Each structure stands twice: as C-alpha cells, then as structure tokens.
Amino acid sequence: MQRDAFATDLPRERLAELVDALVEKGWYVGEAFIPADLCVELYQELGAMAEREALDAAGIGRGQEHALRRDIRGDAIRWLDRESQARRRYLEAMGELQQELNQALFLGLFEYEAHFAHYPPGAFYRRHLDSFRGRANRVVSTVGYLNPGWPADAGGEMVIFAADDSEREVARVRPEAGTFACFLSDSVPHEVLPTRLPRASIAGWFRRNASLGGLVDPAR
C-alpha cells in the first residue's frame, strides 16, 4: 500500500531549493509543493467550516494588544489541530520541514503553529511583518494554498517585498492549490491583495522558545 503521508516523501531536491532560497533572499515560493489530494481534503474541510460559521474573525497583535481591525485584515481563521487525517498529514509535513531547517541552518526551531485562513470576497491583509525584530519568536513563516484552478483575474495574490526595501515588490504569489511559500518572519514584508473569490490557505510559523516577563511566550 502506498504511504499517504506527505511528510514521509517530501522531495529532497525541493527542500534543498527552499533552504538555499531562504539563505540567499529570505523567501521561497514553490508550485505543486503540496500533494493535490491533500489540498483537496484540506480545502473541503475549510469550506465546511466556513459554511457552518465555525471560523473566528482574525485580529492583529498578540495578548493584550490583540484587536480586530477589518481595515487591516479581513480573513477568518481556525487553528490547526490533529483531529483529521488531512490536518495530521500537513502538520507532519511541516515537522519534517522543521527538522530540515534546523539541520541545515541551525535555527533552533522548537514548535510549529498554523491556522486555516478563509478570505471572503473583498477581504485583504495590509502589508506587515509576521514578527518584530528583538521579539522574533516567530522565525520562519509558511503559507500553503488550497484553492484549485484559481483564475488569473481573481485577485488574492500574496505580494512579497524586499527585506531591504519594503516598497520594492519581489514576488506576487497566485493562491493556487499546491503552491507553498516560506519566508523569514521578521524581515520579509508581505500583503494579501483584495480577493474577488473565497480564498483558502493555511498560514503557519516555526517558532523559537521566547519569554516575556519571565514567562514562556505562548504560541498564540
């Protein structure tokens, strides 16, 4: 029987490309990186959550600074758990990627957190960094896209900006199923352009252990 876990058969040459790209420019985008069957299962799960209104409006900031700002961010989220085979497969894949990053780049990553992200028509996310310098518990960000057959005129692209010039666009990522983006959390600005169709993805972060006021900084 064929093993159906993405984490057990990640293409080694693609991982090497990803690591090299992070070192050379701080970001990586790979098409057809996530298996098509896994994308279908995750897309269906997120669609079902959206239909039954089982998603939460996403905010900005953490802890006491957390706030809902629909003028900045318009997606709805559900934190990823291991309650389905598809979610376990995705998390196991990210676990393998975490090991690869630690072995190749000595990053000391100890945890991965992720959530489904559903952008309804008209939603966007303004330009931002995923982590602030000096409080970089989020070290490497990931985005896995789930929408099959994304039309060229549907918007919703993620725009990546240069680490040394936040006004200079270096990549525009169409949210097509199977595409995977990975970038340094505290140095690569990015934004999500307004979408014309419901947009489905999984956003995630590899974290280092960090503390605030002597307490371990929680994942969320």
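Treat the numbers as computed from the prediction; the structure is a model and nothing was measured. Side-chain atoms are counted along with the backbone in the values below, which use heavy atoms only and exclude waters and symmetry mates.
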Can you check whether Arg82's main-chain N or O pairs, donor with acceptor, with Arg87's side chain at less than 3.5 Å? no
Take Leu107 and Arg208 through the side chain to side chain contact (heavy atoms under 4.5 Å, CB included) test and state the conclusion after the steps. CA-CA 8 Å; Leu107 292 178; Arg208 285 197 190 106; 4.1 Å; yes
If the test is side-chain contact (heavy atoms from CB on, under 4.5 Å), which one of Ile34, Asp37, Leu42 qualifies with Arg89? Asp37
Lys25 bridged to Asp20 by N-O distance under 4.0 Å: no
In terms of heavy-atom contacts, Pro120 and Gly74 come closest through CD-O, 3.6 Å
Just so I know, are the side chains of Ile202 and Val143 near enough to count as touching, which here means a heavy-atom distance under 4.5 Å? no
Any side-chain heavy atom of Trp205 within less than 4.5 Å of one from Thr142? no
Note, Val19 side chain near Tyr28 side chain (heavy atom, < 4.5 Å): no
Nearest-0.5 Å distance that lies between atom CD in Gln99 and atom CE in Met94: 12.0 Å
Please evaluate residues Phe183 and Asp130 with respect to the criterion side chain to side chain contact (heavy atoms under 4.5 Å, CB included), reporting the C-alpha separation (whole Å), side-chain torsions for both, the decisive distance (0.1 Å), and the verdict. CA-CA 10 Å; Phe183 49 91; Asp130 283 348; 3.6 Å; yes
At their closest point, which heavy atom of Gly178 faces which heavy atom of Cys39, and how far apart are they? N-SG, 3.4 Å
Just verifying a value: how many Å separate Asp75 CG and Arg70 CZ, rounded to the nearest 0.5 Å? 7.0 Å
I'd like to know if the side chain of Glu113 reaches the main chain of Phe206, judged simply by a donor and an acceptor atom lying under 3.5 Å from each other, with no hydrogens or angles considered. no
Do you know which two heavy atoms are closest between Glu41 and Ala86, and how far apart they sit? OE1-CB, 3.4 Å
Ser187 and Pro189: which non-hydrogen atoms are nearest, and at how many Å? O-CD, 3.4 Å
Between Val40 and Leu46, is there a shared hydrophobic cluster once you connect ILVMFWY residues whose side-chain heavy atoms come closer than 4.5 Å? no
May I ask you to check if Arg126 and Phe124 form a cation-pi contact, with NZ or CZ under 6.0 angstrom from the six-membered ring centre and within 45° of the axis? yes
Spacing of Ser166 atom OG and Arg127 atom CZ [to the nearest 0.5 Å]: 6.0 Å
Is a side-chain N or O of Arg78 found less than 3.5 angstrom from the main chain of Phe116, in a donor-acceptor match? no
Find the distance between CD (Glu176) and CD (Glu157) and round it off to the nearest 0.5 Å. 12.0 Å
With clusters defined by side-chain heavy atoms of hydrophobic residues (ILVMFWY) lying less than 4.5 Å apart, directly or transitively, does Val23 cluster with Val188? yes
Test your reading of the model: is there a side-chain donor-acceptor pair from Glu191 to the backbone of Met158, 3.5 Å cut-off? no
Quick one: pull up CD in Glu17 and CD in Glu13 and give me the separation to the nearest 0.5 Å. 7.0 Å
Does Pro121 reach the side chain of Arg196, with side-chain heavy atoms less than 4.5 Å apart? no
Decide side chain to side chain contact (heavy atoms under 4.5 Å, CB included) for Leu101 and Leu15; before the verdict, give the C-alpha distance in whole Å, the side-chain angles of both, and the deciding distance to 0.1 Å. CA-CA 9 Å; Leu101 293 173; Leu15 290 179; over 6 Å; no
Any donor-acceptor pair under 3.5 Å from Thr195 side chain to Pro198 backbone: no
So NE2 of His118 and CG of Leu146: to nearest 0.5 Å the spacing works out to 11.0 Å
Locate the shortest heavy-atom distance separating Ile60 from Ile72; write the atom from each residue and the value. CD1-CD1, 3.7 Å
To which residues is Trp150 joined in a hydrophobic cluster, defined by side-chain heavy-atom contacts under 4.5 Å among Ile, Leu, Val, Met, Phe, Trp and Tyr, whether direct or through other members? Leu197
For Ala152 and Arg174 the tightest heavy-atom approach is CA-CD, 4.5 Å
Between Leu105 and Leu184, is there a shared hydrophobic cluster once you connect ILVMFWY residues whose side-chain heavy atoms come closer than 4.5 Å? yes
Side-chain donor/acceptor of Ser185 to backbone N/O of Val140, under 3.5 Å: yes
Do the rings of Phe180 and Phe33 sit parallel, tilted or perpendicular, given the 30° and 60° boundaries? parallel
Check: Arg207 side chain, Leu109 main-chain N or O, donor-acceptor pair, under 3.5 Å: no
When you check the side-chain N and O atoms of Tyr119 and Ser201, is any donor under 3.5 Å from an acceptor? no
Given side chain to side chain contact (heavy atoms under 4.5 Å, CB included), test Cys182 with Leu22 step by step and report yes or no. CA-CA 8 Å; Cys182 188; Leu22 284 182; 4.2 Å; yes
In the hydrophobic cluster built from side-chain contacts under 4.5 Å, what are the other members alongside Phe161? Val159, Leu193
